[in-house]
Each structure stands twice: as structure tokens, then as C-alpha cells.
Amino acid sequence: MPWASTCSRVRASACTAPRSPAVTSSYFSEDPYLSGVMGVEVTKSIQAHNIIAMAKHYVVNDQEYERFRTSVVVDEDVLRELYLLPFEMLVKDADIAAVMSAYNRVDGVYATENHDTLTKVLREDWGFDGYVQSDFWSCRSAAASLNAGMDHEMPDAKWLNEENVKNALNDTSLEIQTVDRALVRRFTQMFRFGHFERPYAPREIDAKGNGARSRTIGEQIAVLLKNDGGRLPLDPATAGSVLIVGQAEFVDDACQGGGGSSKVDPLYTVSPVEGTQDVLRDLGSDATVSKVTVAHDLANLDEAVSAAKEADTVIIMAGVVATEGADRPSANMDNDQNKLVEAILDAAPDAVVVLKDSSPILMPWLDKASAVLEAWNQGAEDGHVVADLVFGVVNPSGKMPTTYPRRAEDTLYAGDPTRYPGTDEGAGYPVIRYSEGRRVGYRWFQSEGIEPQFAFGFGLSYTTFDIADAALSSDRNDGTQPFDVTATVTNTGDRAGAEVVQVYLGVPTEGQPPKRLVGF
């Protein structure tokens with residue numbers, strides 16, 4: 001049930017989130033269609049370079065807490081409409097080469113041993129002809145896993161070793177044809193992408209070129225959440241003394257992803273102070289930039305407050321850097337950051353808040369802030385990206401891929417341990433019941449009539465847009481042809497920017513949420 005964030009390994013993630021305060025590195029959004037479309041495009045890009053793309057985690061590995069033991073119980077129609085749909089899109093629309101099986105159980109059966117999901121759905125229903133790999137140490141058996149449709153164990157041979165496979169062949173719990181099938185599935189994809197013919201010849205990584213791409217992408221994905229009175233962008237000519245304040249993870253160096261799959265070792269990083277200095281210099285500003293790093297126990301908060309009172313421009317940086325394998329205890333920022341943000345806003349009411357998150361957070365200080373920018377965990381070019389956005393070199397044009405709640409009580413799992421973190425129903429392991437059905441993410445808030453803090457698809461801009469002449473190609477459809485939706489989008493402001501047109505559809509059937517994203 002992780003909150004949404006991006007994946008930095010060469011994998012196409014197709015999971016749908018969130019259902020809990022968990023977080024990993026492996027989720028595009030809370031919406032299955034958006035996750036699927038993004039996964040398809042990433043997969044096509046990866047495989048265009050003759051690299052195997054792998055979709056993970058298959059399936060309903062939606063929380064990190066006890067993910068090796070949990071069993072997820074979900075209705076078949078909900079499973080297919082929400083949680084399987086992104087994977088189905090990867091198979092049918094991107095011809096993905098590999099799928100990574102999850103850690104958890106699905107209705108009591110481990111995902112790596114689940115014949116229904118690995119064979120019936122994946123291969124018989126969808127026509128997948130690639131190979132299935134276990135997530136690292138998610139394999140629990142030799143014969144049962146291979147028979148169910150898993151083909152390759154990672155990262156070692158704890159189960160699919162010579163001794164276990166021979167023993168299974170000898171006691172007839174495994175057939176040699178099944179072993180051959182697994183090998184053929186994997187080798188076929190390796191031949192497909194020329195892995196046997198291409199010599200191993202690593203080249204020097206183009207750090208400068210890739211960094212420039214990272215900077216551009218980072219600027220495009222940022223979301224402007226609040227901008228009362230047009231506080232942003234800041235004027236570099238009048239910035240004066242600029243103070244960056246926050247805890248070490250957010251102000252001392254580039255804010256990267258947490259541990260596990262999202263953890264990479266960059267060739268270089270751009271810190272907030274360095275990046276801000278670079279951008280201001282390029283803009284011809286003589287502003288000075290300094291920082292105060294606030295301890296996790298807030299021992300030097302008074303020092304930060306005093307510095308904020310003296311500075312001409314204050315930028316607060318806060319957020320969440322989460323790790324794979326562990327859930328956040330709540331939707332609050334860790335280490336008393338809410339108290340830190342509120343104290344600085346009291347001292348400097350015009351301070352700008354820059355969030356560096358990998359998942360939604362609660363913002364009890366929001367009413368005090370005039371401007372809030374969600375930059376996410378940016379990675380190597382963090383310092384440049386945030387400064388470009390804050391000082392108006394580029395326009396924030398991103399939209400929210402997930403919903404931010406106003407209160408913890410507004411979430412679908414609040415007060416219901418059967419939904420998260422699960423309960424022991426007698427088998428000794430936690431059972432999680434997706435009793436909310438289709439009401440996940442923004443569908444939950446709409447169905448329950450709960451106003452979120454920031455809605456799915458929300459995002460402000462430094463410029464303005466007019467969307468006119470919206471029209472459907474037809475007012476009737478027999479279900480065999482797609483509808484065309486057209487509109488004219490005009491930038492009516494004085495800055496370059498981008499707008500995302502979103503199309504939602506309501507299904508007038510009992511049990512369906514009010515609307516769902518069907519195009520953008």
C-alpha cells in the first residue's frame with residue numbers, strides 16, 4: 001500500500017498506490033490507468049535500447065510492513081480493474097519482456113507460487129510470453145514456484161539450486177519439461193534483445209548529458225501546490241540574503257530516494273546551496289545564499305528561527321525520504337519537521353516551503369504558508385531544479401499523481417486494521433482485506449464525500465491557461481469504438497508553461513466510484 005513515488009532502477013513499475021502510510025520506490029500513481037500508461041512508455045523506452053524491462057511487483061504488493069508474510073484478499077473484479085490493469089497494459093501495449101513476482105501472499109498463496117496470477121491471468125488471459133522472476137528472496141520453493149509459472153529466482157539459488165531441482169525431479173513433484181519451459185522463456189527474451197550476440201563493452205557514463213536530462217525531467221514533474229498572492233516565482237533581483245533552512249536530508253545535499261531499489265550512487269550531486277548560487281548567478285543576481293541545518297531533535301531550532309528573522313528570503317526545505325522494506329508510522333513528516341516548518345513560518349511569514357517527498361504528507365502548517373512547491377525526491381540535480389522553479393527560470397507544470405489527505409482520519413485505512421496493517425485470522429500471518437473495493441485513491445475521497453488537501457490531478461502554474469471548445473466525437477457509442485475528446489488549449493499568461501488536459505468518465509453502475517481517469 002505504498003504511497004506513490006518513482007522507481008530509479010531499470011524496471012517498469014505497474015503497481016497502484018496508496019492504501020496506507022507506507023512507501024517504497026516502485027509506484028507511479030494511485031490510479032491504475034495512469035500507472036499503466038506511464039509504465040508502457042517507460043517500458044517502450046527501455047526495450048528500444050535492447051534492455052529487458054521488468055514490471056513489478058506482481059501483484060498487490062501494496063505495503064511494506066510484513067510484506068514477506070501478508071496475505072491480501074481482494075474481490076476478483078477489483079483485482080482485475082485496479083491492481084492487474086497496469087500489468088495487463090504492459091503486456092498488451094508494450095510487449096514487456098519480464099515480470100517480477102511479489103513477496104506477499106494472494107488469498108493465502110504466495111505470489112511466487114500462485115498459478116492463478118502467474119499462469120491463468122498472465123499467460124492464458126493476456127498472452128504474456130516473457131519470463132517471471134522472483135523479487136529478491138521472494139521465492140519460497142522449487143517445485144511449487146516453477147509449476148505455478150515462476151521461471152527465475154533472484155538474487156541467488158536458495159531454492160532453485162541443483163540439489164533441490166534434482167530432488168523434485170526424482171520425487172516427481174517437478175517435471176523436466178517444466179524446467180525446460182522456464183529456461184526457454186528466459187533465454188527467448190535474451191535472444192530477442194541480442195544479449196548473447198552483444199559483447200560486454202561498458203562505456204563511460206555521460207554524466208553531464210544525463211544530468212541535463214535529469215534536470216529537465218525534474219523541472220517538469222514538480223507540482224505547485226499553493227501560491228497565495230503570487231508569492232512565487234521569487235524575484236532574483238530583490239532576493240538579497242537567501243536562507244535555506246531544514247534538516248540535513250533536505251538542505252545539506254541533493255535529496256535522493258531512500259534505501260532498497262531506489263538507492264543509487266550518483267556520479268555527482270548538486271546541493272541546494274550550490275544550485276541556488278548557480279541559478280542566481282546565471283540570472284545576474286548578486287544575492288547571497290546560506291543555510292541552517294536543523295538537528296533531528298530540533299536542538300538548534302532557535303538558531304534557525306533567529307536566522308530566518310534576519311534573512312531577506314527564506315526557503316524552507318522539508319519532506320520524506322523513505323526506504324524499501326519499511327512503512328512510515330504515519331502520514332506526518334518524520335523528526336518533528338511540522339514543528340520546524342511552523343516555527344520558521346512564524347518567524348518569516350513570507351517563507352517559501354519546498355517539499356521533497358516520495359509520498360503524501362499531512363500539512364498542519366499549511367494555512368500559515370503562502371507558497372508550497374512539491375519537488376519530490378529529485379536526485380542528483382536537486383539544487384538546480386528547485387532553484388530554477390523557485391526563481392522562475394521554468395514554470396511548474398506537474399499534476400498530482402496521488403491524493404494528499406487533510407487528516408489521517410480521512411484515509412481509507414483509518415481505524416480499520418483489517419485494511420491496514422492486517423489482522424491474524426488464525427493462520428499466523430497478517431491478512432489484509434481490500435474491503436474498500438474500487439474506492440482507492442481519489443475514488444475513495446469522491447465516494448465518501450471527503451475533501452482532500454490536494455486532489456489527484458491538481459497543480460497550479462505561474463501562467464494561466466484557457467481550455468475551450470471541449471467536445472466529444474459522438475454522443476452515442478455501442479462500445480466497439482473509442483470516443484474522441486478534443487479541446488483547444490491556450491496559454492493566456494506571460495510565461496511559457498505546460499498544461500495537462502484530463503478526461504474523467506463516470507460509470508452509472510452500482511458499486512462504481514463517481515469517476516475515473518480515462519485520458520490525459
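Model, not experiment: these values are computed from the prediction. When a residue number appears, it is its place in the shown sequence, counting from 1.
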Kindly indicate whether the side chain of [X], heavy atoms from C-beta on, has any atom under 4.5 Å from the side chain of [Y].
| X | Y | value |
| --- | --- | --- |
| Trp126 | Leu84 | yes |
| Ser134 | Met150 | yes |
| Trp137 | Pro155 | yes |
| Leu118 | Glu113 | no |
| Val37 | Met89 | yes |
| Glu81 | Leu85 | no |
| Pro405 | Phe445 | yes |
| Val78 | Glu436 | no |

In terms of side-chain heavy atoms, does [X] have a donor or acceptor partner in [Y] at a distance below 3.5 Å?
| X | Y | result |
| --- | --- | --- |
| Ser35 | Ser29 | yes |
| Thr402 | Glu30 | yes |
| Arg140 | Ser145 | no |

Inset, instruction - Evaluate side chain to side chain donor-acceptor pair (under 3.5 Å) for Glu66 paired with Tyr103, printing each intermediate quantity in order. - result: CA-CA 9 Å; Glu66 293 281 21; Tyr103 291 105; over 6 Å; no

Inset, instruction - Start with the C-alpha distance between Leu174 and Asn147, add both sets of side-chain angles, then the distance that settles side chain to side chain contact (heavy atoms under 4.5 Å, CB included), and finish with yes or no. - result: CA-CA 7 Å; Leu174 181 66; Asn147 288 331; 3.6 Å; yes

So, the side chain of [X] versus the backbone of [Y]: is there a donor-acceptor pair under 3.5 Å, distance only?
| X | Y | value |
| --- | --- | --- |
| His195 | Asn50 | yes |
| Arg198 | Phe193 | yes |
| Lys44 | Ala94 | no |
| Gln47 | Ala97 | yes |
| Trp376 | Ile221 | yes |
| Ser214 | Asn210 | no |
| Asn164 | Leu160 | no |
| Asp388 | Val394 | no |
| Gln378 | Gly218 | yes |
| Thr403 | Gly441 | no |

Inset, instruction - Evaluate the criterion side chain to side chain contact (heavy atoms under 4.5 Å, CB included) for residue pair Arg192 and Asp95; output intermediate values, then yes/no. - result: CA-CA 12 Å; Arg192 171 188 171 190; Asp95 194 17; 3.0 Å; yes

What distance do [X] atom [atom1] and [Y] atom [atom2] have between them, rounded to the nearest 0.5 Å?
| X | Y | atom1 | atom2 | result |
| --- | --- | --- | --- | --- |
| Ser447 | Lys515 | OG | NZ | 11.5 Å |
| Ser358 | Gln256 | OG | CD | 13.0 Å |
| Ile361 | Glu374 | CD1 | CD | 6.5 Å |
| Asn104 | Ser71 | CG | OG | 8.0 Å |
| Phe458 | Leu224 | CZ | CG | 7.5 Å |
| Ile51 | Thr43 | CD1 | OG1 | 12.0 Å |

Inset, instruction - Fit a plane to each ring of Phe87 and Tyr58, take the angle between them on a 0 to 90° scale, and name the class: parallel (under 30°), tilted (30 to 60°) or perpendicular (over 60°). - result: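 Rings of Phe87 and Tyr58: perpendicular, over 60°.
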
Inset, instruction - Return the orientation label for the Tyr442 and Tyr504 ring planes: parallel under 30°, perpendicular over 60°, tilted otherwise. - result: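 If you compare the ring of Tyr442 with that of Tyr504, the planes turn out perpendicular.
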
For [X], look at atom [atom1] and say whether over 12 heavy atoms of other residues, nucleotides or ligands are found less than 6.0 Å away.
| X | atom1 | answer |
| --- | --- | --- |
| Glu197 | CD | yes |
| Lys158 | NZ | no |
| Ile205 | CD1 | no |
| Glu162 | CD | no |

Legend entry - side chain to side chain contact (heavy atoms under 4.5 Å, CB included) evaluation trace for Lys208 with Asp206: CA-CA 6 Å; Lys208 183 177 180 180; Asp206 180 10; 4.1 Å; yes

Ion pair [X]/[Y], N-O distance below 4.0 Å:
| X | Y | value |
| --- | --- | --- |
| Glu448 | Arg439 | yes |
| Arg80 | Asp125 | yes |
| Asp77 | Arg438 | yes |
| Asp151 | Arg181 | no |

Inset, instruction - Report the C-alpha distance between Arg443 and Gln446 in whole Å, list the side-chain angles of each, state the deciding distance to 0.1 Å, and finish with yes or no for side chain to side chain donor-acceptor pair (under 3.5 Å). - result: CA-CA 5 Å; Arg443 306 175 191 213; Gln446 292 172 357; over 6 Å; no

Inset, instruction - Test side chain to side chain donor-acceptor pair (under 3.5 Å) on Asp171 and Ser173 and set out the steps. - result: CA-CA 6 Å; Asp171 67 18; Ser173 59; 2.6 Å; yes

Legend entry - Option from Tyr83, Tyr413, Tyr420, Trp444 for which ring pair (Phe, Tyr, Trp, His ring centres under 6.0 Å) with Tyr434 holds: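 Single pass found, and it is Tyr83.
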
Legend entry - Check against side chain to side chain donor-acceptor pair (under 3.5 Å), Ser359 and Asp357: CA-CA 5 Å; Ser359 59; Asp357 294 312; over 6 Å; no

Inset, instruction - Tell me, with the steps shown, if Arg67 and Asp135 meet salt bridge (charged side-chain N to carboxylate O under 4.0 Å, His left out). - result: CA-CA 12 Å; Arg67 65 178 178 176; Asp135 204 338; 5.1 Å; no

Inset, instruction - Find out whether the Lys NZ or Arg CZ of Arg105 is both under 6.0 angstrom from the six-membered ring centre of Tyr429 and within 45° of the ring's axis. - result: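 So Arg105 does make the cation-pi contact.
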
Legend entry - Set of residues satisfying side chain to side chain contact (heavy atoms under 4.5 Å, CB included) with respect to Arg406, sequence neighbours excluded: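 Applying side chain to side chain contact (heavy atoms under 4.5 Å, CB included) to Arg406 gives Asp410, Glu451, Gln453.
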
Inset, instruction - Kindly indicate, with the supporting measurements, whether the criterion side chain to side chain contact (heavy atoms under 4.5 Å, CB included) is fulfilled by Glu274 and Thr269. - result: CA-CA 10 Å; Glu274 177 188 2; Thr269 59; over 6 Å; no

Legend entry - Passing option when Met317 is tested against Lys356, Gln247, Gln337 for side chain to side chain contact (heavy atoms under 4.5 Å, CB included):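 It is Lys356, the one option of Lys356, Gln247, Gln337 that forms the side chain to side chain contact (heavy atoms under 4.5 Å, CB included) with Met317.
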
